Colleague: 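Encoded as structure tokens, here's the structure I'll be asking about.
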Amino acid sequence: MKKLSFLLIFFLLLSLCYTDASAQKKAAAPAAKKPAAAAPQLGKSPVKEVIKAMTLEEKAKLVVGMGFKMPGMPKPTPKQMKEGVDIGGFKLPPSDEDAYNVPEKVPGAAGRTHGIKRLGIPSITVSDGPAGIRIDPIRNGDSSKTYYATAFPVGTLLASTWDQDLEHKVGVAFGNEIHEYGADVILGPGANIHRNPLGGRNFEYFSEDPLVSGRTAAAIINGIQSQGVGTSIKHFAANNQETNRNSVNTIVSQRALREIYLKDFEIAIKGSHPWTVMSSYNKLNGTYTSETRDLLTTILKNEWGFKGFVMTDWFGGRDAVAQMNAGNDLLMPGGPQQSQAIVDAVKNGKISTKQLDANVERLLNIVLKSPEFKKYKFSSKPDLKKNAAVSRAAATQGMVLLKNDDNALPLKAKKIALFGNISYDLIAGGTGSGNVNKAYTVSLIQGLTNGGYTVTANLKNAYEGYLKEAKGKQPKSAMSFFMLPPPVPQMVVTADMLSQEAEHADVAVLTIGRNAGEGADRKVENDFNLMDSEKALIKNISDAFHSKGKKLVVVLNIGGVIETASWRDQADGILLAWQPGLEAGNAITDVLSGKVNPSGKLATTFPVKYEDEPSAKNFPGKELPMPEGQKPSPMMGKPSEVTYEEGIYVGYRYYNTFDVKPAYEFGYGLSYTKFKYSDLKLSTKKFNGSVTATVTVTNNGDVAGREVVEVYVSAPVASMQKPSEELRAFGKTKTLQPKESQTISFTLTAKDLESFDTARSAWVSEAGTYTVKVGASSADIKKTAKFDLPKTIVVEKVHNVLKPQVAINELKK
Ligand code: BGC
């Protein structure tokens, strides 16, 4: 123990010496203008005074992060530092030693800002990621003390709850954990729109619809920030794929941008005031987002009133000077060469002092709020038990019951034949920076056992033996951060085994799993589409059990959309469990058993086939010739472009308008009970500033349950194209007992009816007749009512910016 504390003090001193030495070296600051004692101190003097006292070098250091240290990354050699470091196929830019030697406050955190001691400016720590704080669980090889974090359900599941109170609660638990582990800002939530089902990071994101996505993000941010720590909503903006993510140019119309890809950020940012925003890797209509002033300053800061600071994604963009001028206030993870470029640019007039001061001021205003500034004494001991319970409860609320023929669920029988590798090894969440180092993931077999079910022993033993062996044979990838090991092939279940199981068990449960993450998109074959082995398994189990009059329930443990239409007839029940966090098996059992009545609904469409997707022919775009003299770099990807030809017709906006029937539509989800909708009333037939719709929902079944109520509006088609309907409001009932009713009301203002009129560069609600459609899904409208808007309203004029550089052949009705 004594030795340990000695070592600790030694390292602490070493790191302090290091910080000081590096501070001196990097700042290369001319002697401070005033004697140290007289220097204004952050928090004691006004921020502007502190900025006035800063040297140019100090400012340029503050707006560039401390550098990059990957968990477990060995110190690069001088040669590597000069040439850049290859981390499993990703090349980090050349840098000096300091940039790889970040003194760690929270080991495993993604980055830090510089502190400036003489002005009382501390260094703040930022950490991934959206589903829980991603830090090193074991420090210095000492496993007697661990730092595991709670893996909350992934974003896609949280959005499927359609429940902002619950998302806020998750945010509170999450925020408390961030605070207690000593970080200042969490690098999340991720709020990019699900443009295409293959998006590798869709699990981190919420929905194809900006209203659901924006409101979910806002609720989580409000929850996290209520705990005194900050968030970084990411990746701003139009970053909807991983293929060539560092160099792809997203070409998208101003209308689609405003209505779809910026809209959810707008809703989230106005509704929750995140401390920071993370710009994305991609180019948007020709320029890196982190270098686009129209995006970061004109829209985000000026139009939306965002008060925090903008940071780059890790190594995002290329030109530090353009980034500063764009209003990208902090460059992450940062390297001294960027600070130098900024110093030079101020000296030669390429960055004005006013601009740099504005970047610094935004940063300092957030530093002032940080736990680090407040000298919060974090415990490194969050209440993991309590947070696991929050994670489990949330998970049950976002699972979606896709199919339930003949009341296959809740499970009545107690003896289960549990099939599928994943049943024994559930996926809590995706990979990359969205991964969480959790202490455990409850498997489905554990969950079912905890829930009082028995599983047939022979099958269990066969799977467990098989998995042990197969996993031992899996290649150990050095870079598992970016590269997923190939999934373990399904265990072959012989006809003999099947007939035994069908004989002895009461019901079959089969889990199909999918994992994905940062750095790659998913594939159509063997990923979106099931593998042949999975299809065969479904068919064989289905045949064997049905021949004995027994049922098959399929559990989907997936982070993104898959194909279901070709096999769903063979299952009696299908539960979409998403990736439900560390309590996975318990949460799934809560729903399978009926302890919790499922109330999640799809926030993203499940198409019949991939080719039905409106973005399919433009995903992930096309590669462009390498500019002369440049070599392809694994880090930057290949030059490429993707054109969003589907325009505003994303998800259900497409399927409904173009009459393409999906497998499961946006907003869909079953319950163990039935709900009746009645008495839809509008407060007025003639819009006069607002209209309020009220509707009564009654639980008409035998068990208690909750219903998501969705309000779509069909707008008159006048000068602009319109989707046949758009979600304009939604809510969720309380738990309704059988026969209990609840009346819910929704008020729509002109803002809730608007579309973006590119010609006027304005949000406009056009005159005419509007139809309010209240439904249980985007295709299951229960009640409708109409009102008139007598005169067109120009809701808001905005800047005519972010124009595509080329004509887009946009989809039209
Ligand atoms: C990811 C970000 C993440 C950052 C820091 C990047 O590769 O795109 O989402 O926050 O790394 O780990």
Side-chain angles (χ1 to χ4, degrees), residues 42-43 65 103-113 115 121-137 139 145-153 155 158 165-190 217-234 272-278 308-309 311 330 363-391 393-394 429 433-439 581-582:
L42 187 68
E104 286 181 312
K105 176 188 168 199
V106 185
R112 297 183 73 178
T113 63
I121 303 170
S123 147
I124 62 170
T125 299
V126 302
S127 181
D128 282 311
I133 178 166
R134 189 172 67 83
I135 52 174
D136 290 350
R139 297 179 182 173
K145 201 160 174 258
T146 56
Y147 303 81
Y148 286 110
T150 305
F152 295 98
L158 290 176
D165 290 341
L166 175 129
E167 290 150 3
H168 187 272
K169 275 189 201 136
V170 171
V172 170
F174 188 0
N176 175 263
E177 221 164 283
I178 299 161
H179 203 209
E180 287 311 321
Y181 271 138
D184 298 287
V185 172
I186 199 80
L187 302 174
I220 294 169
I221 293 169
N222 281 322
I224 294 176
Q225 294 194 167
S226 73
Q227 300 303 298
V229 291
T231 54
S232 192
I233 186 170
K234 67 192 187 184
S272 65
H273 312 289
W275 288 13
T276 82
V277 167
M278 188 190 290
F309 70 79
M311 71 174 91
L330 174 67
L363 216 99
L364 290 182
N365 282 333
I366 296 301
V367 171
L368 269 170
K369 300 204 234 183
S370 67
E372 178 64 33
F373 180 79
K374 294 179 180 162
K375 299 196 167 56
Y376 180 67
K377 294 225 168 348
F378 57 99
S379 64
S380 288
K381 284 197 191 104
D383 192 340
L384 293 176
K385 224 171 162 185
K386 188 166 139 201
N387 293 348
V390 174
S391 179
S433 57
N435 179 33
V436 183
N437 295 313
K438 58 237 162 246
L582 83 178

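All values below come from the heavy atoms of this structure, side chains included, with hydrogens, waters and symmetry mates left out. One is the number of the first residue; the rest follow in order along the sequence. What you see is a predicted model, and the numbers here were worked out from it, not measured in a lab.
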Colleague: Applying salt bridge (charged side-chain N to carboxylate O under 4.0 Å, His left out), name anything that partners E372, two or more places apart in sequence or on another chain.
Modeller: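 Here the qualifying residues are K105.
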Colleague: If you compare all heavy atoms of V229 against all heavy atoms of G175, which two are closest, and at what distance to 0.1 Å?
Modeller: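 V229 and G175 have their closest heavy atoms at CG2-O, 3.8 Å.
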Colleague: Test of understanding: with side chain to side chain donor-acceptor pair (under 3.5 Å), list the residues that count as partners of N437, not counting sequence neighbours.
Modeller: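 Applying side chain to side chain donor-acceptor pair (under 3.5 Å) to N437 gives none.
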Colleague: If you measure from CG on N176 to CD1 on I224, what distance do you get to the nearest 0.5 Å?
Modeller: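 One gets 11.5 Å once the value is rounded to the nearest 0.5 Å.
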Colleague: If you round to the nearest 0.5 Å, how far is CD1 of I366 from CH2 of W275?
Modeller: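 The CH2 atom of W275 sits 6.5 Å away from the CD1 atom of I366.
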Colleague: Kindly give the heavy-atom pair with the smallest separation between S379 and E180, and that separation in Å.
Modeller: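 Scanning both residues, the minimum pair turns out to be OG-OE1, 2.6 Å.
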Colleague: Test side-chain contact (heavy atoms from CB on, under 4.5 Å) on I178 and Q227; report intermediate values, then the result.
Modeller: CA-CA 9 Å; I178 299 161; Q227 300 303 298; over 6 Å; no
Colleague: Go through Q225 and S272 one step at a time and tell me if the side-chain contact (heavy atoms from CB on, under 4.5 Å) criterion holds.
Modeller: CA-CA 9 Å; Q225 294 194 167; S272 65; 5.9 Å; no
Colleague: Could you state the interatomic distance from CG (L158) to CG (L166), rounded to the nearest 0.5 Å?
Modeller: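 So the gap between those two atoms works out to 7.0 Å.
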Colleague: List in chain and number order the residues that pass side chain to side chain contact (heavy atoms under 4.5 Å, CB included) with T146, two or more places apart in sequence or in another chain; answer none if no residue qualifies.
Modeller: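 For T146 the side chain to side chain contact (heavy atoms under 4.5 Å, CB included) partners, ignoring immediate neighbours, are I138, Y148.
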Colleague: What closest approach, in Å, do F152 and N387 show between heavy atoms, and which atom pair accounts for it?
Modeller: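 The pair with the smallest heavy-atom distance is CE2-O, 3.9 Å.
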Colleague: Using the side chain to side chain donor-acceptor pair (under 3.5 Å) criterion, which residues pair with T276? Sequence neighbours excluded.
Modeller: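 If we apply the side chain to side chain donor-acceptor pair (under 3.5 Å) test to T276, skipping adjacent residues, the hits are S232.
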Colleague: Could you pull out the closest heavy-atom pair between M311 and V126, with the gap in Å?
Modeller: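 For M311 versus V126, the nearest heavy atoms are CE-CG1, 4.2 Å.
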Colleague: Tell me, please, which residues at least two apart from H179 pass ring-ring contact (aromatic ring centres under 6.0 Å, His included).
Modeller: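 Applying ring-ring contact (aromatic ring centres under 6.0 Å, His included) to H179 gives Y376.
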Colleague: Taking only residues two or more places apart in sequence, or in another chain, which ones meet K145 in a side chain to side chain donor-acceptor pair (under 3.5 Å)?
Modeller: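 Result, side chain to side chain donor-acceptor pair (under 3.5 Å) vs K145: Y147.
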Colleague: Rounded to the nearest 0.5 Å, how far does CD1 of I121 lie from CZ of F373?
Modeller: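 Separation between the atoms: 9.5 Å.
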Colleague: Could you state the interatomic distance from OG1 (T231) to CD1 (I221), rounded to the nearest 0.5 Å?
Modeller: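 It comes to 4.5 Å.
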Colleague: Rounded to the nearest 0.5 Å, how far apart are NZ of K234 and CD1 of I186?
Modeller: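 If I round to the nearest 0.5 Å, the distance is 8.5 Å.
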Colleague: Could you pull out the closest heavy-atom pair between S433 and P130, with the gap in Å?
Modeller: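 In this case the closest contact between S433 and P130 is O-CD, 4.3 Å.
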Colleague: With a 3.5 Å distance limit and no angle check, can you tell me whether N222 reaches the backbone of A218 through a side-chain donor-acceptor pair?
Modeller: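 Yes.
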Colleague: Under the side chain to side chain donor-acceptor pair (under 3.5 Å) test, which residues partner S370, sequence neighbours left out?
Modeller: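 For S370 there are no side chain to side chain donor-acceptor pair (under 3.5 Å) partners, ignoring immediate neighbours.
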Colleague: Apply side chain to side chain contact (heavy atoms under 4.5 Å, CB included) to A388 and list each qualifying residue two or more places apart in sequence or on a separate chain.
Modeller: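 By the side chain to side chain contact (heavy atoms under 4.5 Å, CB included) rule, A388 matches Y440, L582, E583.
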Colleague: A219: what forms a side chain to side chain contact (heavy atoms under 4.5 Å, CB included) with it, not counting sequence neighbours?
Modeller: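 Only Q164, E167 meet the side chain to side chain contact (heavy atoms under 4.5 Å, CB included) criterion with A219.
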Colleague: Which atoms form the tightest heavy-atom contact between A183 and S127, and what is the distance?
Modeller: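 What the structure gives for the nearest pair is CB-CB, 4.2 Å.
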Colleague: For the residue pair L384 and E177, establish whether any side-chain heavy-atom pair is separated by less than 4.5 Å.
Modeller: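 Yes, at least one pair of side-chain atoms sits under 4.5 Å.
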Colleague: For V106, what residues pass the side chain to side chain contact (heavy atoms under 4.5 Å, CB included) criterion, not counting sequence neighbours?
Modeller: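 Here the qualifying residues are A109, T125, I135, R139.
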